[in-house]
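So the structure is just underneath, and the comments pick up after that.
Per chain, numbering begins at 1; letters A, B, ... match sequence-line order.
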Amino acid sequence: MDINLEQTLFCGQSFAWTKTGSLYEAVLFGRCIRLDQQSFASVVADDPELAAYFDMDWEYEKAQSYLSSLDPYLASCITRYEGLHLLNQDPWEVLISFLLSQNNNIKRIRSMYQTLCRTFGSEVGAQKFAFPSPQQLEMATEVELRALGMGFRAPYLLDAIRCHALLDEIPNLSTEKAATRLMTIKGVGPKVAACILVFAFHRMDAFPLDTWMLKVMKSRYPGKDASFFAPYAALAQQYLFHAERLGGGVV
DNA sequence: GGCCAGGCCCCAG
DNA sequence: CTGGGGCATGGC
């Protein structure tokens with residue numbers, strides 16, 4: 001069962017990717033990445049950095065098979081969007097991305113993400129900009145960030161810049177302690193913390209609950225919570241979220 | 001032209 | 001601790 005780039009890159013976990021024709025593009029690891037589904041397997045085989053990013057060694061078959069056995073609706077979502085992987089993204093980039101995400105729509109999050117890249121990031125190719133490092137973003141002031149359209153999130157970004165070193169502590173903490181630690185950053189609440197833990201630290205017991213997920217949980221899993229999907233709650237969440245945004249599963 | 005968006009802060013009870 | 005208003009902005 002292979003990875004599906006379309007589902008993986010456009011399920012709302014990363015805002016770095018664009019698609020032109022059948023080509024997926026992003027700037028990662030300081031280089032321009034260009035991929036298509038056809039040649040992906042051979043490309044990733046020779047690129048350990050990409051293999052890690054795309055989480056190629058994890059037990060997706062086992063997880064999908066187990067989750068599918070839990071209930072028919074989730075099984076239908078997995079069938080429909082099969083091959084969705086949870087990426088191993090840069091924690092700093094995920095922190096900033098999901099600070100931008102609050103009370104916002106995915107289209108505009110993408111646009112704001114690109115604004116930060118163009119304004120503060122390094123140009124690694126013609127009009128191709130990397131996501132800015134903490135050091136590069138330290139140049140920013142609240143006035144400037146607001147002028148760039150970051151709105152009320154500007155002070156959150158500044159606090160994240162100030163606190164970025166605490167990301168180094170996260171691997172050594174339990175998921176619950178890690179969430180608590182992340183929430184010491186202004187603008188990081190339970191949902192954003194969970195997103196960071198899933199999309200950057202591969203914590204399968206983290207379970208982001210946004211407006212879409214709350215709707216699914218209420219209608220399809222009343223009285224249940226993340227533990228129902230253990231030990232693969234994060235993957236279940238991403239399938240359910242993605243399916244909900246794209247119009248639901250089949251059942 | 002309103003409504004709403006992968007929430008969270010802050011302040012009342 | 002729980003509930004609800006306010007928040008910047010642009011896509012639709």
Side-chain angles (χ1 to χ4, degrees), chain A residues 6-18 77 81 84-87 89-116 118-119 131 140-163 166 176 178-221 225-226 229 233-249:
Chain A
E6 183 71 23
Q7 311 310 335
T8 298
L9 298 177
F10 293 100
C11 66
Q13 62 177 320
S14 168
F15 306 101
W17 293 85
T18 59
C77 294
Y81 305 106
L84 191 166
H85 279 208
L86 292 171
L87 300 169
Q89 301 181 71
D90 172 47
W92 165 247
E93 181 175 330
V94 177
L95 165 60
I96 299 298
S97 296
F98 282 89
L99 279 176
L100 298 180
S101 78
Q102 64 173 275
N103 203 35
N104 208 346
N105 60 70
I106 288 186
K107 200 124 192 177
R108 196 161 82 100
I109 300 166
R110 284 205 137 75
S111 147
M112 292 163 77
Y113 174 98
Q114 292 298 340
T115 297
L116 291 181
R118 281 198 315 275
T119 309
F131 190 81
T141 64
E142 178 169 345
V143 171
E144 184 178 13
L145 290 173
R146 283 182 184 272
L148 289 169
M150 302 300 142
F152 66 86
R153 305 167 191 84
Y156 301 161
L157 297 180
L158 291 178
D159 199 54
I161 292 162
R162 190 177 63 80
C163 300
L166 73 79
E176 191 182 343
T180 303
R181 187 77 179 108
L182 289 168
M183 287 190 288
T184 62
I185 301 171
K186 225 175 189 43
V188 177
K191 192 273 177 182
V192 170
C195 284
I196 298 168
L197 289 169
V198 177
F199 303 138
F201 294 99
H202 212 267
R203 294 296 176 95
M204 280 299 138
D205 51 343
F207 197 69
L209 284 171
D210 72 310
T211 52
W212 298 90
M213 275 303 293
L214 286 173
K215 208 185 318 175
V216 186
M217 292 306 289
K218 187 174 177 186
S219 63
R220 303 225 178 230
Y221 304 95
D225 61 17
F229 304 103
L235 186 63
Q237 178 278 149
Q238 200 58 24
Y239 270 107
L240 291 170
F241 169 79
H242 189 46
E244 193 67 15
R245 284 200 63 242
L246 268 49

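Every stem involving DNA chain B, taken as at least 3 paired positions in a row under the Watson-Crick or G-U wobble test at 3.5 Å, is listed here: B:2-5 with C:9-12, B:7-13 with C:1-7.
Under the side chain to side chain donor-acceptor pair (under 3.5 Å) criterion, the residue pairs touching residues 146-158 of chain A are A:E142-A:R146, with sequence neighbours excluded. Applying the side chain to side chain donor-acceptor pair (under 3.5 Å) test to pairs two or more places apart or on separate chains, none has a residue in residues 208-217 of chain A. Applying the side chain to side chain donor-acceptor pair (under 3.5 Å) test to every pair with at least one member in residues 198-207 of chain A, sequence neighbours left out, gives these pairs: A:D55-A:H202, A:T175-A:R203, A:T175-A:D205.
Listed in residue order, the members of residues 183-198 of chain A having a heavy atom less than 4.0 Å from DNA chain C come to none. Of the residues in residues 147-158 of chain A, A:F152, A:Y156 come within less than 4.0 Å of DNA chain B through at least one heavy atom, sorted by number. Of the residues in residues 93-108 of chain A, those lying under 4.0 Å from DNA chain B by heavy-atom distance are A:F98, A:S101, A:Q102, A:N103, A:N104, A:N105, A:I106.
Across all non-hydrogen atoms, the minimal contact from A:A178 to A:L197 is CB-CD2, 3.7 Å.
Summarising the geometry, the separation between CE on A:M112 and C1' on C:dC7 is reported as 12 Å, rounded to the nearest angstrom. Remark: P of C:dC7 and CD of A:E142 are 15 Å apart, rounded to the nearest angstrom. Remark: C1' of B:dC4 and CZ of A:R245 are 13 Å apart, rounded to the nearest angstrom. Here the P atom of nucleotide B:dG6 and the CG atom of A:L240 are 17 Å apart, to the nearest Å. Distance, A:R110 CZ to B:dA5 P: 18 Å, rounded to whole Å. For the pair A:R146 CZ and C:dG10 C1', the computed distance is 16 Å after rounding to whole Å.
Residues that satisfy the side-chain hydrogen bond (donor to acceptor under 3.5 Å, both in side chains) test with A:D225, not counting sequence neighbours, are A:S227. Not a single salt bridge (charged side-chain N to carboxylate O under 4.0 Å, His left out) links A:R118 to another residue, sequence neighbours left out. Scored by the salt bridge (charged side-chain N to carboxylate O under 4.0 Å, His left out) test, A:R108 finds no partners at all (sequence neighbours excluded). By the ring pair (Phe, Tyr, Trp, His ring centres under 6.0 Å) test, A:F207 pairs with A:F229, sequence neighbours left out.
Side-chain atoms of A:R245 and A:I106, non-hydrogen and from C-beta on, do get closer than 4.5 Å to each other. Using a 4.5 Å cut-off on side-chain heavy atoms (C-beta onward), A:L182 and A:L166 make contact. Residues A:L209 and A:M217 have side chains in contact (heavy-atom distance under 4.5 Å, counting atoms from C-beta outward). Side-chain contact check for A:E244 versus A:F241: every heavy-atom pair is 4.5 Å or farther apart.
Between the A:Y239 side chain and the A:L84 main chain, a donor and an acceptor come within less than 3.5 Å of each other. Side-chain atoms of A:E93 never come within 3.5 Å of backbone atoms of A:F131 as a donor-acceptor pair (strictly under, hydrogens ignored). Side chain of A:T180 to main chain of A:E176: a donor-acceptor pair is present (N/O by atom type, distance under 3.5 Å, no hydrogens or angles). For A:Q102 (side chain) and A:G187 (main-chain N/O), a donor-acceptor pair under 3.5 Å exists by modelled atom type.
A:E244 contributes no side-chain N or O that forms a donor-acceptor pair with the base of B:dG6 under 3.5 Å.
The same atom, P, is picked in C:dG5 and in B:dC4; the two are 14 Å apart, to the nearest Å. The same atom, C1', is picked in B:dC9 and in C:dG10; the two are 22 Å apart, to the nearest Å. Across the C1' atoms, B:dC8 and C:dG11 are found 22 Å apart, a figure rounded to whole Å.
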For nucleotides 11-13 of chain B, list the nitrogen or oxygen atoms of the protein found under 3.5 Å from its nitrogen or oxygen atoms, one pair per line.
none

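Nucleic acid contact for A:F199: base, since at least one base atom lies under 4.0 Å from a heavy atom of the residue.
Residue A:T211 has a polar side-chain atom (N or O) positioned under 4.0 Å from OP1 or OP2 of B:dG7.
Ring geometry for A:F15 against A:F98 counts as tilted: the plane angle lies between 30° and 60°, on a 0 to 90° scale.
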